[in-house]
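My structure is below; once you've seen it, I'll send some questions.
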Amino acid sequence: MRQRHHRRNPGARRQRGAVAIMFGIVAFLLFGFMAVVIDLGRTYVVRTELQNAADAAALAGANRLDQTAAGVTLGVAHAIAMAAQNNVQFSTPVAITIANISVGSCPDDGCMVPAATVTTNAAAAGMTFMRVNIESGALSTFFARIPFVAGGTGTDTMTTFGRAVAGRFVNNITPIAVCGINTESGRILPTGELSQFGFRRGVSYNIFDLGPVGSPANPYLLNPVDTYPNGCTPSNSSSNFVAPFICTGTSAVLASNAERVYGNTGMEARLAASLNSRFNDYGGPSVCIPEQAPPDSNVREFGYQASPASRSATWMSPTQNRQSYNQPWLATSPTAANHGVLWSYSRAVRGVGVSPNATPGAPFSTSDWGTLYNGVTANANYPASGSPYESAGFTLTPTGRPGQPDRRVLSLVIANCEAVVGSGNCTEIPVLGIGRFFMQVPADFSGGPNRGLWVEFAGLVEPVPTAEIKLYR
């Protein structure tokens, strides 16, 4: 019987080989795509989680920085606590330590130092930015570890991170608001003198007498870090929190284009000590540090009282009160009794332009006092030019430590006190402008007959400086 022989089809063998090659290519691409989609996708999710945690931690920590070592410690604690409120890989709380945190005077890396090294108030001076860096650690891969996916070696782990810098550029605004006498930015008075929001340059005011519609009232203590309309933390308007900012005369009360600030009327007696560091007084309840808040280079007091000897008895007693916005620019005739100490720092100036938006012009001379102040003449010892503050014979150098010029000049918020909204520690206070006020004598908030903050108006700060806590990267 004849056997049949079947010949193998060489085309079928070639097809099977091609399928094997194509399967290998498809498998390579498949696992490659799976590595991209699953492993890299998972890494991206972790990075997003860590970035969110870093952003929140940096903002929370920077909000507590007050340029003191205690503020850095508190900021670090808030950053760590806020990070822990965020999860990584959906369920594990983010854990960081002080080693993950740096602070600095600007948002750039070159400004940063490890937070752990800032242990003194001197080192903390100017530190208003916080950087939080959170590393993921090794993240195990699934498909990326397969050798042919990564050039024959594979990748067992991947890493990522979250990094954020938050903070504020502080400005020279002392967190205290004084009620404006009126709402006009520049009125030219009958004498040709300029009045700005009712204040006259060279005239002193007790800001405790500038309550709404002439009634005595506490000035507003401002929240130095929370900017309107962002959220307000009530404790940030407390005396304990604000005191260091009063020492340095810096804050971040105004955000860009903001027309309101947060504050309250809790002006406690011990806050006078924060102001009086400018007179080289760091005793009692003062929290001021000389390295951060040095005294003024001239601590001579310009007051009416003959005692202490550092004061001058030849100037006048300040008794002017705030008037209602609806009353004339000055309700009483200007006399020595209701003007206070004149021109101890800044001279009266003429108005230029048109009321109520006139601007400063040339200063008056002492020969104009009779016109400006109802017949009052300048003291014979008054400097022919400049002001007593900067003139020989009217200065007193602080003892024991170097002074800094113009430390007694406070940049204070001038508020429209008749349009205040709310009450308590997050009262919304409308801002008219920022005024420069010269401290003539130490503050006294004790409640006695001399209670007050006697300051001489020295013009407006223009343009209005702004600062706010925000993320920089």
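This is a predicted model, so every value here is computed, not measured.
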- Query: Taking C-beta and beyond as the side chain, do P430 and E259 meet within less than 4.5 Å on heavy atoms?
  - Reply: no

- Item | G71 backbone acceptor or donor facing T68 side chain under 3.5 Å | yes

- Judged by atom type as modelled, is there a donor-acceptor pair below 3.5 Å linking the side chain of Q196 to the main-chain atoms of G459? no

- Task: Give, for atom CG of D444 and atom CG of N276, the distance between the pair rounded to the nearest 0.5 Å.
- Result: 8.5 Å

- Item | L59 vs N63 side-chain heavy atoms within contact, under 4.5 Å | no

- Distance-minimising heavy-atom pair for T427 and V421: CG2-O, 3.5 Å

- Please confirm whether the backbone N or O of R168 pairs with a side-chain atom of T128, one donor and one acceptor, at under 3.5 Å? yes

- With the threshold set at 4.0 Å, does a side-chain nitrogen-carboxylate oxygen contact exist between E193 and R350? no

- Query: Could you go step by step and tell me if S238 and N240 meet the side chain to side chain donor-acceptor pair (under 3.5 Å) rule?
  - Reply: CA-CA 5 Å; S238 67; N240 286 338; 5.5 Å; no

- Task: Return yes if some donor-acceptor pair links the side-chain N/O of D281 with the main-chain N/O of G283 below 3.5 Å, else return no.
- Result: yes

- Task: Spell out, as yes or no, whether a donor-acceptor pair under 3.5 Å connects the side chain of D226 to the backbone of C232.
- Result: no

- Item | Matching residue for F199 among V455, L460, I181 - test: side-chain contact (heavy atoms from CB on, under 4.5 Å) | I181

- Message: Contact between S346 and F438 at the side-chain level, heavy atoms closer than 4.5 Å - yes or no?
- Response: no

- Do R201 and S195 meet the criterion of a side-chain donor-acceptor pair at a distance under 3.5 Å? no

- Steps toward side-chain contact (heavy atoms from CB on, under 4.5 Å) verdict (L221, T265): CA-CA 6 Å; L221 185 65; T265 55; over 6 Å; no

- Do the non-hydrogen side-chain atoms of F208 and W454 ever get within less than 4.5 Å of each other? no

- Item | Option from T250, L412, L254 for which side-chain contact (heavy atoms from CB on, under 4.5 Å) with I173 holds | L254

- For A62 against A166, the heavy-atom pair lying closest together: CB-O, 3.6 Å

- Item | Any side-chain heavy-atom pair of L189 and L194 under 4.5 Å | no

- Message: Assess, by modelled atom type and distance only, whether the side chains of S365 and D368 contain a donor and an acceptor separated by less than 3.5 Å.
- Response: yes

- Message: With side-chain contact (heavy atoms from CB on, under 4.5 Å) as the criterion, how do Y220 and M267 come out once you've worked through the C-alpha distance, each side chain's angles and the decisive distance to 0.1 Å?
- Response: CA-CA 7 Å; Y220 286 102; M267 190 68 70; over 6 Å; no

- Between V299 and F279, what is the shortest heavy-atom contact and its length? O-CD2, 3.6 Å

- Message: Please tell me whether F457 and F437 form a close aromatic pair, meaning their ring centres lie under 6.0 Å apart.
- Response: yes

- Query: Ignoring hydrogens and geometry, is there a side-chain-to-backbone donor-acceptor pair from D296 to R278 under 3.5 Å?
  - Reply: no

- Message: Taking the ring of Y389 and the ring of F302, is the distance between their centroids below 6.0 Å?
- Response: no

- Query: So which heavy atom on P388 is nearest to which on F394, and how close?
  - Reply: O-CB, 3.0 Å

- Do you know which two heavy atoms are closest between Q51 and A164, and how far apart they sit? NE2-CB, 4.0 Å

- Heavy-atom nearest pair, H78 first then A60, reads CB-O, 3.9 Å

- Message: If I take atom SG from residue C179 and atom CD1 from residue I414, how far apart are they, to the nearest 0.5 angstrom?
- Response: 10.5 Å

- Message: Checking I101 against R131 for the side-chain contact (heavy atoms from CB on, under 4.5 Å) test, could you report, in this order, the C-alpha distance in whole Å, the side-chain angles of both residues, the deciding distance, and whether it holds?
- Response: CA-CA 6 Å; I101 302 171; R131 182 181 66 196; over 6 Å; no

- Message: Looking at N182 and G198, would you say the former's side chain and the latter's main chain have a donor-acceptor pair under 3.5 Å?
- Response: yes

- Is there a donor in the side chain of Y262 and an acceptor in the side chain of N425, or the other way round, less than 3.5 Å apart? no

- Query: Between S274 and R270, is there a donor-acceptor pair closer than 3.5 Å when you use the side chain of the first and the backbone of the second?
  - Reply: no

- Note on the structure: OG of S185 to CG of L432, rounded to nearest 0.5 Å, is 9.5 Å

- Note on the structure: Distance col, row S297:OG vs R408:CZ, nearest 0.5 angstrom, shows 9.0 Å

- CG (D66) and CG (N236) are apart, to the nearest 0.5 Å, by 10.0 Å

- Query: Okay, side chain of N133, backbone of R163: is any donor-acceptor separation there less than 3.5 Å?
  - Reply: no

- Query: Are the side chain of S355 and the backbone N or O of R187 linked by a donor-acceptor pair below 3.5 Å?
  - Reply: no

- State the CG-CG distance between L410 and L453, to the nearest 0.5 angstrom. 6.5 Å

- For R347 and T366, what are the C-alpha separation, side-chain angles and deciding distance, and is it a side chain to side chain donor-acceptor pair (under 3.5 Å)? CA-CA 9 Å; R347 294 178 170 233; T366 53; 5.4 Å; no

- Any side-chain heavy-atom pair from S277 and R407 closer than 4.5 angstrom? yes

- Message: Are Y345 and E390 packed together at the side-chain level, in the sense that at least one heavy-atom pair is separated by less than 4.5 angstrom?
- Response: no

- Message: Pair F197, N416 - check side-chain contact (heavy atoms from CB on, under 4.5 Å), show working.
- Response: CA-CA 9 Å; F197 299 119; N416 182 349; over 6 Å; no

- Message: Side chains of T92 and N87 only: does a donor on one sit below 3.5 Å from an acceptor on the other?
- Response: no

- Item | Flag side-chain contact, heavy atom, 4.5 Å: T395 against T397 | no

